[in-house]
Every structure is written in C-alpha cells, then in structure tokens.
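Every number for a ligand or one of its atoms is a count from 1 in the order of the listing.
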Amino acid sequence: MNIPSSMPPGVAFLSGQFTAENGIKKITRCGDLSGVFYDRAAWQAIPVDTPVYRVEMLRSPQGEGELFVGITHLQPGRVGDEFYMTRGHFHQRREQGEVYFGLRGTGLLLLQNEQGVARLEQISPGSVHIIPGFTAHRLINTGSEVLSALAVWPSVAGHDYAALAHGFALRVIEQDGKIQAKEVQHG
Ligand code: F6R
Ligand code: ZN
C-alpha cells in the first residue's frame, strides 16, 4: 500500500497473543491467590510459584476517555475440584463497563451485580461479552487448554478487589465428571 498509514498492534488468533512484543506483562501465581479458592488445603498443596494467569497489556495513554487493551491467558487446572480462575473485581469507578472477547480455549465469565446476583456466560473463540457498569467479573477456565480473552476497558476504571474479598456468590467445580455451578451462602 502506498498511502501514508501505520501498522497497528494485532492479535495472532491461534495463540491468542499480541503480535507486538513491547507490552506490559503481569503473571499471577498460585501463591498470590490466598483466599480465592475455597479448598485451602488443596491450594496450599500447589507450589506457590505455579503460574495461574498472565495479563499482557498494550502501552496506551491514560486519562478520562482513554482505553486500555489487555489479553488474559488463564491456565487450565483446578484447586481441589474448583477450576482455575482470575481473582475477579469490581471497577473502582463502578459505573465503568468493559468488553471481553473470547480468543482461545473455553470457559465461563462470571458476572455479579452489587446486589450479589451472579450469572455465567460461556466464553469461547469469537464470543463477545458486554460487562455493564456496576458488575464484578471473573474468568474461569473449564477447558483443557489455555483460555485467552481480550479485554477493553476505560483507563480510569481502576480495580476494586477488596469488595469481593469474601468471594462471589457462585463457584464452578467439577463434580462427577461434570462442570457444575454451586451457590455459596455467605454470612
Ligand atoms: C481489566 C480486566 C482484566 C483483568 C484480568 C485479570 O479491568 O477485567 O484485564 O484485570 O483478567 O483479572 P483480575 O484483575 O481480576 O486479577
Ligand atoms: Zn475489569
């Protein structure tokens, strides 16, 4: 092409990775996820340095109106009978939403509103998930390969992990060879 233009970053669909190599990377290991999985003994039995998920982010401007783009790669596996998952969060600025897009692997997106009502969406390559404002979100890998999902969210959104320190209202486990969602009674 001989018109002035630039080459934007891309996603390699087979690997679910950004094509650009100069992004920001953060690995979350089993030892970082204290209190996230309900079976504490099973969690303690896994070496603390075992990677559970990794987030790659593009370097983008920050401020009102700007957007972050990131890909989460969540390993397959379980802690006891509970599938590997991200920590999960509300946005610090609760009204800010987000879009997730399934790239690779299969799993569930757990969504929960401020009233504690939870629901699950199936995530697979090509699935599009609109996460409204005021909605906490967590990825769960129920498959046997890495689950990769691209996310776009306002850079001003921030993360509030503390609001869900007691956990979500649903846990996804393997029971009798099947994927099951169990309601959790808090309190
Ligand atoms: C950003 C977002 C994702 C997650 C990522 C890791 O708002 O939702 O990029 O940050 O999937 O999950 P957490 O942040 O819950 O550890
Ligand atoms: Zn988010």
Under 4.0 Å from a heavy atom of [X]: give me the atoms of ligand 1 that qualify, with their elements.
{"X": "His159", "result": "1 (C), 7 (O), 10 (O)"}
{"X": "Thr86", "result": "12 (O)"}
{"X": "Tyr161", "result": "13 (P), 14 (O), 15 (O), 16 (O)"}
{"X": "His91", "result": "7 (O)"}

- [ ] With heavy atoms only and a cut-off of under 4.0 Å, state how Arg138 meets ligand 1: side chain, backbone, both or neither.
- [x]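 It is neither; nothing of Arg138 touches ligand 1.
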
Task: Part of Tyr100 within contact of ligand 1 (heavy atoms, under 4.0 Å) - done: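 It is the side chain that gets close, since no backbone atom is under 4.0 Å.
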
- [ ] Would you check if there is a donor-acceptor pair between the side chains of His129 and Glu121 at a distance under 3.5 Å?
- [x]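 Glu121 vs His129: donor-acceptor pair found between side chains.
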
Task: His159 side chain to His91 side chain, donor-acceptor N/O pair below 3.5 angstrom - done: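 No, no side-chain donor-acceptor contact under 3.5 Å.
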
Open item on the list: With a 4.0 Å cut-off on heavy atoms, is Gly70 in contact with ligand 1?
Closed with: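 Under 4.0 Å: no for Gly70.
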
TODO: Determine, using heavy atoms of Tyr53 and all atoms of ligand 1, whether some pair is separated by less than 4.0 Å.
DONE: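 So Tyr53 counts as touching ligand 1.
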
Task: Identity and distance of the protein heavy atom lying nearest atom 4 (C) of ligand 1 - done: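 Ranked first by proximity to atom 4 (C) of ligand 1 is His89 CE1, 3.7 Å.
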
- [ ] Could you tell me the residue and atom name of the protein heavy atom closest to atom 11 (O) of ligand 1, and the distance to it rounded to 0.1 Å?
- [x]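 I find the closest protein heavy atom is Thr72 OG1, 2.7 Å.
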
TODO: Just go through Glu98, His73, His137, Met57 and tell me whose heavy atom is the nearest to atom 7 (O) of ligand 1.
DONE: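 Residue with the shortest heavy-atom distance to the ligand atom: Glu98.
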
Task: Test: Arg93 and Glu64 ion pair at under 4.0 Å - done: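 Salt bridge: yes.
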
Taking [X] for its side chain and [Y] for its backbone only, find out whether a donor-acceptor pair lies under 3.5 Å.
{"X": "Thr86", "Y": "Leu139", "answer": "yes"}
{"X": "Asp160", "Y": "Phe90", "answer": "no"}
{"X": "Arg87", "Y": "Asp32", "answer": "yes"}
{"X": "Thr135", "Y": "Gly133", "answer": "yes"}
{"X": "Trp43", "Y": "Gly35", "answer": "no"}

Task: Contact (N/O only, under 3.5 Å) between Gly88 and ligand 1 - done: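 Yes, there is a polar N/O contact under 3.5 Å.
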
- [ ] Side-chain contact test, heavy atoms from C-beta onward, threshold under 4.5 Å: evaluate it for Leu150 versus Phe18 and give yes or no.
- [x]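 Leu150 vs Phe18: side chains touch.
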
- [ ] Would you give the angle at the Zn ion (ligand 2) between His137 atom NE2 and His91 atom NE2, to the nearest 10°?
- [x]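 Rounded to 10°, it measures 100°.
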
- [ ] Give, rounded to 10 degrees, the angle between OE1 (Glu98) and NE2 (His89) as seen from the Zn ion (ligand 2).
- [x]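 About 180° at the Zn ion (ligand 2).
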
